[in-house]
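Starting from 1, each residue takes its place in the sequence as its number. Everything numeric in this text was worked out from a predicted model, so none of it was measured. These values consider heavy atoms only, across backbone and side chains, with no hydrogens, waters or symmetry-generated copies.
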Amino acid sequence: MAKVTLKNIVKRYDEVLAVSGANIDIKDKEFVVLVGPSGCGKSTTLRMIAGLEEITEGELYIGDDVVNDVAPKDRDIAMVFQNYALYPHMNVYDNMAFGLKLRKYPADDIDRRVKDAAQILGIEPLLDRKPKALSGGQRQRVAMGRAIVREPKVFLMDEPLSNLDAKLRVQMRAELSKLHERLQTTTIYVTHDQIEAMTLADRIVVLKDGVIQQIDDPISLYNQPNNMFVAGFIGSPAMNFLDAKIEAKGEGLVIKGETFEVNIPANMSQAMKELETYVDKEVVFGIRPEDIIDPNTAEGQLLDNADLVDAEVEVVEPMGSEINLHITIDGQTIVAIVDPESEAQVGDKMKFAFDLDKMHIFDADTEEAII
């Protein structure tokens, strides 16, 4: 096992800056997920760690060794790709054993490793089959088995579940978590799917345009995003944003939009202190869909004296265990998650409350979090 350290890593393609000054310390046995939209630099970063892309600037360490100029085969890493990359003419056993045979491992060692990996992944009955006789999920297990038999210092996974259907992806996420718990191998995982990131990672690295926006554990990332990009990217449905101003009112402060006004409770002294310098300035008010409350529900009754906001229902999305309401406030469409018993209809005028303990306020110019 090994730690992986990126120090000021830069990747340029001619004039295009794909990765800009990445600094990441990945601990031994840690499961770290690189996440972000297409083109953010996450796969490029993974490929530099693998040695498949040359590093323009900076230093990459695996363990205590700088590996910038070390060939991929000598880095003691194993990579799992989204397209499985299995040899169609070989059966499962030979696909898993192939890399070990190339490295001249003893036959009995190869047999032990392949059978151990097959047992871990539950693919022992498939060892004699060719890839064309396997389902997508089975092929992905074989691809992982080929990585496991190497017993590498580091696993690198590039969107390994993206070719699977939704139900199988959920199942394989759980399998990956169990696999990491069992093997305790340092794992670096790339995905554009923030649900995968939240459910799998010890820590998440959020990238945008080649720049790291935040590195944190999933819950901290969700509850304390550094900026609007992270806040909007992590969470499904995404955080809502409303343009507003901070205004003084008596001895307190209010968040004021065109048609709504929300008093910041007196007991939120830290929020008051942070917002004092923003009085009469433009801000962005952020609130997650699950923190928008219908005051007519049992949950709504718990919000004592909450300020109510007028909204109109545009779309009703029944999800079974909940309903997603697309509502308009100040001409801006946001999403509220409400009780499945709600009788809201398109066109209804409704009132909602915000759980201000869960609110976020961002600087309108820098988009950095204030609270």
Check the pair Leu164, Gln171 against side chain to side chain contact (heavy atoms under 4.5 Å, CB included), reporting the backbone distance first and the verdict last.
CA-CA 10 Å; Leu164 305 179; Gln171 181 185 337; over 6 Å; no
Non-hydrogen atoms of [X] and [Y] that approach each other most closely:
X      : Y      : value
Ile371 : Met359 : CD1-CE, 3.6 Å
Asn226 : Glu368 : O-OE1, 3.5 Å
Val313 : Ala344 : CG2-CB, 4.5 Å
Ile49  : Leu60  : CA-CD2, 3.5 Å
Asn95  : Arg146 : O-CD, 3.3 Å
Asp193 : Arg169 : OD2-NH2, 3.3 Å

For atom NZ of Lys73, decide whether the heavy atoms of other residues, nucleotides or ligands shown that lie under 6.0 angstrom number more than 12.
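Atom NZ in Lys73 is not packed in, count stays at 12 or less.
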In this structure, are over 12 heavy atoms from other groups packed under 6.0 Å from Asn267 atom CG?
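More than 12 within 6.0 Å, yes.
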Applying the 4.5 Å side-chain criterion to the ILVMFWY set and letting contacts propagate, would [X] and [Y] be lumped into a single cluster?
X      : Y      : value
Met157 : Leu183 : yes
Val346 : Met350 : yes
Met268 : Val254 : no
Met228 : Ile246 : no
Ile148 : Tyr105 : yes

Kindly write out the residues that satisfy side chain to side chain donor-acceptor pair (under 3.5 Å) with [X], not counting sequence neighbours, or none if the list is empty.
X      : result
Asn163 : none
Gln138 : Ser135
Glu312 : none

Dump the intermediate steps for salt bridge (Lys or Arg N to Asp or Glu O under 4.0 Å) on Glu181 and Lys178, then the final yes or no.
CA-CA 5 Å; Glu181 196 65 34; Lys178 287 192 287 186; over 6 Å; no
Sub-3.5 Å donor-acceptor pair from the side chain of [X] to the main-chain atoms of [Y], do we have one?
X      : Y      : result
Asp348 : Gln345 : yes
His180 : Lys29  : yes
Lys42  : Gly36  : yes
Arg139 : Pro131 : yes
Asn227 : Glu367 : no
Asp202 : Val32  : no
Asp65  : Val67  : no
Thr185 : Phe155 : no

Going from [atom1] on [X] to [atom2] on [Y], what distance comes out if it is rounded to the nearest 0.5 angstrom?
X      : Y      : atom1 : atom2 : value
Gln214 : Leu221 : CD    : CG    : 4.5 Å
Lys115 : Ile120 : NZ    : CD1   : 15.0 Å
Met239 : His360 : CE    : NE2   : 3.5 Å
Leu6   : Ile26  : CG    : CD1   : 6.0 Å
Leu161 : Thr191 : CG    : OG1   : 7.5 Å
Glu341 : Glu343 : CD    : CD    : 8.5 Å

Are Arg288 and Tyr222 in a cation-pi contact, defined as NZ or CZ under 6.0 Å from the six-membered ring centre and within 45° of the axis?
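Verdict for Tyr222: a cation-pi partner in Arg288.
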Ionic contact status for [Y] with [X], cut-off 4.0 Å:
X      : Y      : result
Arg47  : Glu53  : yes
Asp216 : Arg203 : no
Asp116 : Arg113 : no
Lys358 : Glu290 : no

Tell me the ring-ring contact (aromatic ring centres under 6.0 Å, His included) pairs involving residues 233-256, sequence neighbours left out?
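Checked against ring-ring contact (aromatic ring centres under 6.0 Å, His included) - neighbours excluded - the pairs reaching residues 233-256 are Phe229-Phe233, Phe241-Phe362.
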Which residues share a side-chain contact (heavy atoms from CB on, under 4.5 Å) with Asp158, sequence neighbours left out:
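Expected list: Ser43, Leu46, Met79, Val190.
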Heavy-atom check, side chain of [X] versus side chain of [Y], under 4.5 Å:
X      : Y      : value
Lys3   : Asp64  : yes
Leu308 : Pro295 : yes
Pro289 : Asn324 : no
Arg173 : Val170 : yes
Ile361 : Ile255 : yes
Ile123 : Val142 : yes
Leu100 : Asp109 : no
Phe352 : Val338 : yes

Going by the angle between their ring planes, with limits at 30° and 60°, are Phe354 and Phe285 parallel, tilted or perpendicular?
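Aromatic pair Phe354/Phe285 classed tilted.
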Ile9 and side-chain contact (heavy atoms from CB on, under 4.5 Å): which partner among Ile55, Asn23, Ile24?
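So, applying the side-chain contact (heavy atoms from CB on, under 4.5 Å) to Ile9 and each of Ile55, Asn23, Ile24, only Ile55 qualifies.
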Given Leu156, which partner from the list Ile77, Thr186, Thr187, Val80 fulfils the side-chain contact (heavy atoms from CB on, under 4.5 Å) test?
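Going through Ile77, Thr186, Thr187, Val80 one by one, the side-chain contact (heavy atoms from CB on, under 4.5 Å) with Leu156 is satisfied by Ile77 alone.
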Can Val284 and Asp243 be said to form a side chain to side chain contact (heavy atoms under 4.5 Å, CB included), step by step?
CA-CA 5 Å; Val284 177; Asp243 296 330; 4.2 Å; yes
Could you give all pairs that pass the salt bridge (charged side-chain N to carboxylate O under 4.0 Å, His left out) test and reach residues 248-271, with sequence neighbours left out?
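Listed once each, the pairs are Lys249-Glu261, Lys256-Glu261.
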The test is side chain to side chain contact (heavy atoms under 4.5 Å, CB included); show your working for Leu127 and Val114 and say whether it passes.
CA-CA 9 Å; Leu127 291 174; Val114 170; 4.2 Å; yes
Side chain to side chain contact (heavy atoms under 4.5 Å, CB included) between Met198 and Val35, worked out:
CA-CA 10 Å; Met198 291 289 287; Val35 71; over 6 Å; no
